[in-house]
Amino acid sequence: MAFQTEYEFILPKGYVDEEGTLHKRGVMRLATAADEILPMRDPRVQSNPGYLTIILLSRVITRLGDLTMIDTRTVEKFFTADLAFLQNFYRQINEGEGVQVKTVCPKCDHEHEVDMAFLPGPSGA
């Protein structure tokens, strides 16, 4: 089983380019340490820490519809619903992967893996 580094998504609203084309389907790759560290040197982030999100997303979104070059100007034009969706999606794919545990069903002896990130915590939440 290969390690997944790219994840497809569908924007709730979509990005409308200069020609009026709506782009909703995209691909985001896993972030690297450089993706999170290098933007901190950018003067736009130093003067406005909220801009970090814009730079991060421009680095990790590899495709959006027919667009293969996603820059900060593109991300700045996203609707707020799409920006919130992408921030959540970024966290989900970069932080949300749980530990895979091999287990055996006590009834049928079938072996399978369980993703511990989806199991409820001690409070049942």
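Worth knowing before you read on, the calculation uses all heavy atoms, side chains too, and leaves out hydrogens, waters and symmetry mates.
Between the CD atom in Glu6 and the CD1 atom in Ile93 there is a gap of 9.5 Å [rounded to 0.5 Å]. Separating the CZ atom in Arg29 from the CD atom in Gln4 is a distance of 14.5 Å, to the nearest 0.5 Å. Considering CD of Glu76 and OG1 of Thr74, their distance stands at 9.0 Å, rounded to 0.5 Å. How far CD of Gln46 is from CG of Leu52: 11.5 Å, rounded to the nearest 0.5 Å. Separation of atoms CZ (Phe9) and CZ (Arg63) is listed at 8.5 Å; rounding is to 0.5 Å.
Between Lys77 and Tyr15 the shortest heavy-atom distance is CB-CE1, 3.8 Å. The minimum heavy-atom distance between Gly14 and Lys24, with the atom names listed, is CA-CG, 3.8 Å. The two atoms that bring Ile55 and Ser58 nearest to each other are O-OG, 2.8 Å, heavy atoms only. Residues Ala81 and Pro12 come closest through the heavy atom pair O-CG, 4.1 Å. The minimum heavy-atom distance linking Arg25 with Ile10 is given by the pair NH1-CD1, 3.3 Å.
Side chains of Asp66 and His23: a donor-acceptor N/O pair is absent below 3.5 angstrom, by distance only.
Put simply, the side chain of Asn94 never gets that close to the backbone of Leu30: no donor and acceptor are under 3.5 Å apart. No donor-acceptor pair under 3.5 Å is formed between the side chain of Asp82 and the backbone N or O of Leu11. Of the possible donor and acceptor atoms, none in the side chain of Asp42 sits under 3.5 Å from a partner among the backbone N and O of Pro39. With Glu19 contributing its side chain and Thr21 its backbone, the two residues share no donor-acceptor pair below 3.5 Å.
For the side-chain contact (heavy atoms from CB on, under 4.5 Å) with Val75, the lone residue among Ile54, Leu56, Leu64, Leu86 that qualifies is Ile54. The side-chain contact (heavy atoms from CB on, under 4.5 Å) test with Ile70 singles out one residue from Val27, Val60, Ile61, and that residue is Ile61.
Side chains of Arg44 and Thr72 form a contact here, defined as non-hydrogen atoms less than 4.5 Å apart.
Cluster membership for Met40 and Tyr90, using ILVMFWY side-chain heavy atoms within less than 4.5 angstrom, is shared.
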